Amino acid sequence: MPELPEVETIRRGLENNVLFKRIENVTVGLPKIVRGDLSQFQAAIIGNQFTNISRRAKLLIFHLKKSEPQYLLIHLKMTGQLIYPTDQTLIAGGHPYPDFKSELPNKYTHLMFHFQDQSTLFFNDLRQFGYTQLATTDQLSQLVNSYGLEPGTPSFTWQAFKEKIDLRKRPVKSWLLDQQEIAGLGNIYADEVCLQAGILPNRNTGTLNDSQKHALYQAIKNIISQAIKHRGTTFRNYADHEGKKGGYAKFLQVYGRAEEKCLQCGSIIQKTKVAGRGTHYCPVCQQ
DNA sequence: CTTCTTGTTACTGA
DNA sequence: ATCAGTAACAAGAA
């Protein structure tokens, strides 16, 4: 599922490919994937251009040349993909988009942006939870401000982290997954962060000492930067803008490894439910 | 057939 | 106010 590193990988890929191309047309195959008025959406997009792509948490922000609305937001939720084929032979050769048919468009393609140079950006979503939405400058700033600390930015300091975590008393994993606390972590990286920090996911944040809090802070920084470096994790159906899988899956230490041996101590990795999510942990390395 | 998968929001109840 | 739990969304894998 696309979490921060996967969304960032897509952002970087698209940034190098779709900016400043006139959008000749947009095809909406599944209207509910467009939030708000459909004809207003089409009117705002057709003839427009993307001038920049930014990201906040797992939300992609496409900056439009014509304003207002100035922005197009895209959230991929659990199974959304944004694919911009750059090498036709990749598709002709049946490149396996994870869990999907290799043809584009396919049955999961719900939105297409057709550019002036005949290229197309495909928005696929198996489970149809993803969405796109226009936003004005005011709406965007309101949304951006509602998110928590953004790992990988200069504002993600130990001091800011400590100030936030000190205010809360709740299970660590639940806190990590809360987008208003830390922006961008999802189920996979939350488990990985807890292992690297040596903290049990169901530990209450109120029981952690400063050293343990700092271990969490450092683990978030390490894991997010490593995962971005390896272009994200493909566990099921994540694919980047070219339809390629992420390379971080082979570095996962606990997620998806229930009943297997801990890579550090050899204990059996346990699986339970924390914050309503499947949660993996090492009973020895984590306390 | 059942259960599990998960990002986010809405809702309920403690 | 804070937070836990659950349902909802939807489709597929096991």
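In what follows, every chain begins at residue 1, and chains take the letters A, B, ... in the order their sequences are listed. Note that these values count all heavy atoms, side chains included, but never hydrogens, waters or copies made by symmetry. Since we're looking at a predicted model, the values are computed, not measured.
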> What is the separation between atom CZ on A:R170 and atom P on C:dA1, rounded to the nearest whole Å?
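Rounded to whole Å, this separation is 15 Å.
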> Hey, is the side chain of A:Q128 poking within less than 4.0 Å of OP1 or OP2 on C:dC9, counting only N and O atoms?
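For A:Q128, the contact criterion (side-chain N or O under 4.0 Å from OP1 or OP2 of C:dC9) is not met.
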> What integer distance in Å separates A:D178:CG from C:dC3:C1'?
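Roughly 10 Å, once rounded to whole Å.
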> From CD1 of A:I188 over to P of B:dC4, roughly how many Å is that when rounded to an integer?
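Value for this atom pair: 19 Å.
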> Which whole number of Å gives the distance between the P atom of B:dT2 and that of C:dA7?
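It works out to 16 Å between them.
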> Salt bridge or not for A:D240 and A:R12, using N-O below 4.0 Å?
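Looking at A:R12 together with A:D240, the answer is no, because their closest N to O distance does not fall below 4.0 Å.
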> Quick one: A:M1 CE to C:dG12 C1', roughly how many Å, whole number?
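For the pair A:M1 CE and C:dG12 C1', the rounded distance is 11 Å.
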> Under 4.0 Å, heavy atoms only, any strand: does A:G278 hit a base, just the sugar-phosphate, or nothing?
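If one applies the 4.0 Å heavy-atom cut-off, A:G278 turns out to touch the sugar-phosphate alone, with no base involved.
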> Within a 6.0 Å radius of atom NZ on A:K164, are there more than 12 heavy atoms belonging to other residues, nucleotides or ligands?
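Enclosed: over 12 neighbouring heavy atoms sit under 6.0 Å from NZ of A:K164.
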> Assuming nearest nucleotide by heavy-atom distance, tell me which of A:G276 and A:K169 is located more 5' along DNA chain C.
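Nearest-nucleotide comparison on DNA chain C picks A:K169.
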> Taking atom C1' in both B:dC1 and C:dC9, compute the distance separating them and give it to the nearest angstrom.
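That atom pair is separated by 22 Å.
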> Establish, for the pair A:R35 and A:Y131, whether the NZ or CZ atom is under 6.0 angstrom from the six-membered ring centre and no further than 45 degrees off its axis.
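Judged by the rule (NZ or CZ under 6.0 Å from the ring centre, within 45° of its axis), A:R35 counts as positioned above A:Y131.
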> Round to a whole Å and report the spacing from OH of A:Y108 to C1' of C:dC9.
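It is 16 Å, rounded to the nearest whole Å.
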> Any Lys/Arg nitrogen of A:R168 or A:E181 sitting under 4.0 Å from an Asp/Glu carboxylate oxygen of the other?
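A salt bridge is present here (some side-chain N lies under 4.0 Å from a carboxylate O).
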> Where the side chain of A:R168 is defined as all heavy atoms beyond and including C-beta, which of C:dT2, C:dA11, C:dA4 is the nearest nucleotide?
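Among the listed nucleotides, the one closest to the side chain of A:R168 is C:dT2.
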> Among A:F62, A:F20, A:Y84, exactly one meets ring pair (Phe, Tyr, Trp, His ring centres under 6.0 Å) together with A:F50. Which residue is that?
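Per the ring pair (Phe, Tyr, Trp, His ring centres under 6.0 Å) rule, the option paired with A:F50 is A:F62, out of A:F62, A:F20, A:Y84.
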> On the 0 to 90° scale, with breaks at 30° and 60°, tag the A:H214-A:W158 ring pair as parallel, tilted or perpendicular.
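It falls in the perpendicular class, over 60°.
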> Round to a whole Å and report the spacing from NZ of A:K273 to C1' of B:dC4.
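That distance rounds to 8 Å.
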> Name the closest nucleotide to the A:K107 side chain, picking from C:dA4, B:dG7, C:dG12.
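It is C:dG12.
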> Could you tell me how far apart A:Q81 (CD) and C:dA11 (P) are, to the nearest whole angstrom?
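Rounded to the whole Å, the gap is 15 Å.
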> Can A:E150 and A:R55 be counted as an ion pair, charged N to O under 4.0 angstrom?
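Yes, A:E150 and A:R55 are salt-bridged.
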> Which nucleotide in the list C:dG12, B:dT5, B:dG7 gets nearest to the side chain of A:Y255?
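From the listed options, B:dT5 comes nearest.
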> A:S174 side chain N/O closer than 4.0 Å to the phosphate oxygens (OP1, OP2) of C:dA4?
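Answer is yes, contact under 4.0 Å.
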> How many whole angstroms separate atom NZ of A:K32 from atom P of C:dA8?
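Interatomic distance, NZ of A:K32 to P of C:dA8: 15 Å.
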> Using a cutoff of under 3.5 Å, can you pull out all pairs of nitrogen or oxygen atoms linking the protein to nucleotides 8-12 of chain B, with atom names and distances?
from  : atom 1 : to     : atom 2 : distance (Å)
B:dT8 : OP1    : A:H75  : NE2    : 2.4
B:dT8 : OP2    : A:K58  : NZ     : 3.0
B:dT8 : O4     : A:R277 : NH2    : 3.0

